[in-house]
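Notes follow the structure.
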Amino acid sequence: MGTASGSVPGIDPAAAAAAHAQLKKVKKQKVLLMGKSGSGKSSMRSIIFSNYLARDTRRLGATIDIDLSHVKFLGNLTLNLWDCGGQEAFMENYLSQQRAHVFSNVGVLIYVFDIESRDVERDMATYVNIISALVQYSREAKIFVLIHKMDLIQPTTREDVFDARAALVKRKTAEAVSIVLKQKPEQGGQQQQLQQPQQPEPSPTLTTSASTTSLNNADPSLNLQLFATSIWDQSLYKAWASIIHDLVPNLSVIETQLASLGQAIDADEILLFERTSFLVVSKWTSPEGERNPYGDRFERMSNILKSWKHTCSKYTGTPRNAEQFSDFEYKMGVTFSMFATKFTTNTYILVCMPPGEARFNSAKLNVAAARPWFKFLDGPVVSAQSQQPQQQQ
C-alpha cells in the first residue's frame, strides 16, 4: 500500500525529468476524415471533440468542401483535422486539382463507410482512389476504416456483416496499393498517371483469407485497422481512442509512470482520460484486474463519464466544454472501490481498487502526490530561466 507522502514510491523522478526534457515542442499531425456524404463523419467528430450528444447531431448539415479545425489534445499534440465533404464533386476535386494539397504530409486517414449504403461497389471505387492518392503522397500514414451506423444492423448479424465488409475493405486496399506500386517502376511520370481516378475492376480478385497477406506484401509499412462503430454506444470511443493512442507524444513514458503509480498504490486498474473528449490516453491493469470479463469496459467508462459530464452541465448551467467536476467516488461494498479525479490540467484519472477505507484514502493522497510527475502531459516544458523575464514583466 502506498504512503501519503510528498513523493510516491515507485515513480522515478529521473524518468519524469527525462520526459519533461523530451517535450520541447508541440507535435502536430494532419488527420484526414473522409467518406461519402451522409456516412456520419461530422457527427462523430462533433461527439468526440465538441461535446455533442448523439441526438444533437441530427441538426448538423452536410460539410462543404473541407472543414479544417485544430484540435488540441493534451497539451502537446495538435490534430490538424481535415473534415472533407463527401459529395461526389468534392471527391473528384480532392483526387485531381487538390490531390497533392490534400494528401501530402498526412499522418492519419480516417475513412468512414455507411454500412447501409446501397451502392457498395461505387463506395469501394471511391475508397480505392483515395488510398491510391494517399500511398502516392503519404506512404507512412496510418489508415483507420470505420464501418459506421452498425446500430442499424440486427444484433444477431452484426458480427457477420462487419466481418464481410472488413474482408472486402482489406481486399480493395491491397488492390489499390498494388496498382500504385506496379506503376512506379514502369512510369516515371507517376503523378500524372495517377491524376485520373483509379478503377479497381481490372485488378485480380483476391480471396478473403489472403487479403491481409497481400496487403502486407504490397507494402509492409501500410498500417490498416478496422472498427465497427455507432454514435449510440461506446464503440465510437473505442475506435477514436485507438486512433489517438499512437499519436500521443512520449507514450512509453506515460505508460511507465502509470504502471509505477498503480503498483505503488496497489490498484487493480488505472485509466488516464483526456479532459475534454474523455478518450482513454493510457491505461494500466494489474494481474487481478486482467480477470475482468468486460473487454469494452474502458470505452464504457469514457461514455459514462462524458454522459455524466453532460448531465452536470444541464443542471448547473455551465458550458459543455467547461470543467464539470473535480472528483467522483464510488464504493461497491466488499467488491471494489473507485474514484475519478482531475489529475493534470488536461487529464482526469480513474483508479479502481480493492475495497478498504484506509487503502482508498491512501490511494487518493498518493495520486495527488504523483501529479508533479505527470505535468509533462500539459504541454512543452518551459525552463524557469525562460519564464523569469515574462514574470518580471
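Taking the side chain to side chain contact (heavy atoms under 4.5 Å, CB included) definition, one finds that Asp296 meets it with Gln234, Tyr294, Glu299, Arg300, sequence neighbours left out. By the side chain to side chain contact (heavy atoms under 4.5 Å, CB included) test, Glu290 pairs with Thr285, sequence neighbours left out. Lys142 meets the salt bridge (Lys or Arg N to Asp or Glu O under 4.0 Å) test with Asp246; sequence neighbours excluded. Partners of Asp151 by salt bridge (Lys or Arg N to Asp or Glu O under 4.0 Å), not counting sequence neighbours: none found. For Glu329, the side chain to side chain donor-acceptor pair (under 3.5 Å) partners at least two apart in sequence or on another chain are Lys364. When the side chain to side chain donor-acceptor pair (under 3.5 Å) test is applied to Thr347, the partners found at least two apart in sequence or on another chain are Thr344.
Ring-plane geometry between Phe339 and Phe360 is classed as perpendicular, the angle between the planes exceeding 60 degrees on a 0 to 90 degree scale with a lower cut at 30.
Thr276 approaches Phe49 most closely through the heavy-atom pair CG2-O, 4.4 Å. Across all non-hydrogen atoms, the minimal contact from Lys170 to Leu224 is CG-CD2, 4.2 Å. The two residues Ser117 and Val120 have their closest heavy-atom pair at O-CG2, 3.8 Å. Nearest heavy atom pair, residue Glu274 against residue Leu74, reads CG-N, 3.9 Å. What you find for Leu32 and Cys84 is that their closest heavy atoms are CD2-SG, 4.4 Å. The minimum heavy-atom distance between Ser39 and Lys36, with the atom names listed, is OG-O, 2.9 Å.
For Asn105, the CG atom counts as loosely surrounded, since its 6.0 Å shell holds 12 or fewer non-hydrogen atoms of other residues, nucleotides or ligands. Within 6.0 Å of NZ in Lys306 there are more than 12 heavy atoms belonging to other residues, nucleotides or ligands.
Here the side chain of Lys41 pairs a donor or acceptor atom with the backbone of Gly35 at under 3.5 angstrom. Panel note: side chain Asn129, backbone Ala125; a donor-acceptor pair is recorded below 3.5 Å. Judged by distance alone, the side chain of Ser230 and the main-chain N or O of Trp232 form a donor-acceptor pair under 3.5 Å. Using a distance-only test at 3.5 Å, with no hydrogens or angles considered, no donor-acceptor pair links the side chain of Ser277 to the main chain of Ile48. Side chain of Ser326 to main chain of Lys342: no donor-acceptor pair is present (N/O by atom type, distance under 3.5 Å, no hydrogens or angles). Between the side chain of Ser37 and the backbone N or O of Gly86 there is no donor-acceptor pair closer than 3.5 Å. A donor-acceptor pair under 3.5 Å is absent between the side-chain atoms of Ser178 and the main chain of Ala174, judged by distance alone. Here the side chain of Asp119 pairs a donor or acceptor atom with the backbone of Arg122 at under 3.5 angstrom.
For the atom pair CD1 of Ile131 and CE of Met124, the computed distance is 10.5 Å after rounding to the nearest 0.5 Å. To the nearest 0.5 Å, atoms CG (Leu95) and CD1 (Ile130) are separated by 4.5 Å. In this structure, CD in Gln257 is found 9.5 Å from CG in Leu377, a value given to the nearest 0.5 Å. In this structure, CD1 on Ile243 lies 5.0 Å from CG on Leu146, to the nearest 0.5 angstrom. Rounded to the nearest 0.5 angstrom, Glu269 CD and Asn292 CG are separated by 6.5 Å. From Ile47, atom CD1 reaches atom CG of Leu236 across 6.0 Å, with rounding to the nearest 0.5 Å.
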For residues 351-358, tabulate all N or O donor-acceptor pairs below 3.5 Å that involve a side-chain atom, not counting sequence neighbours.
| unit_1 | atom_1 | unit_2 | atom_2 | d |
| --- | --- | --- | --- | --- |
| Glu357 | OE1 | Lys331 | NZ | 3.1 |
| Glu357 | OE2 | Lys331 | NZ | 2.9 |

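Looking only at side-chain heavy atoms (C-beta outward), Phe328 and Met338 come within less than 4.5 Å of each other. Between Val280 and Ser302, some side-chain heavy-atom pair lies under the 4.5 Å cut-off.
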(request) Take Thr173 and Val145 through the test side-chain contact (heavy atoms from CB on, under 4.5 Å) and record every step on the way to the result. (result) CA-CA 11 Å; Thr173 306; Val145 173; 5.7 Å; no

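Sorted by first then second residue, the ring pair (Phe, Tyr, Trp, His ring centres under 6.0 Å) pairs that include residues 112-132, not counting sequence neighbours, are Tyr111-Phe113, Tyr111-Tyr127, Phe113-Tyr127. Identified under the salt bridge (charged side-chain N to carboxylate O under 4.0 Å, His left out) test for residues 102-117, with sequence neighbours left out: Asp114-Lys149. Residue pairs meeting the ring pair (Phe, Tyr, Trp, His ring centres under 6.0 Å) criterion with at least one member in residues 255-289, sequence neighbours excluded: Phe273-Phe278, Phe278-Tyr348. Applying the ring pair (Phe, Tyr, Trp, His ring centres under 6.0 Å) test to every pair with at least one member in residues 71-96, sequence neighbours left out, gives these pairs: Trp82-His101. Applying the salt bridge (charged side-chain N to carboxylate O under 4.0 Å, His left out) definition to pairs two or more places apart or across chains, none involves residues 346-356.
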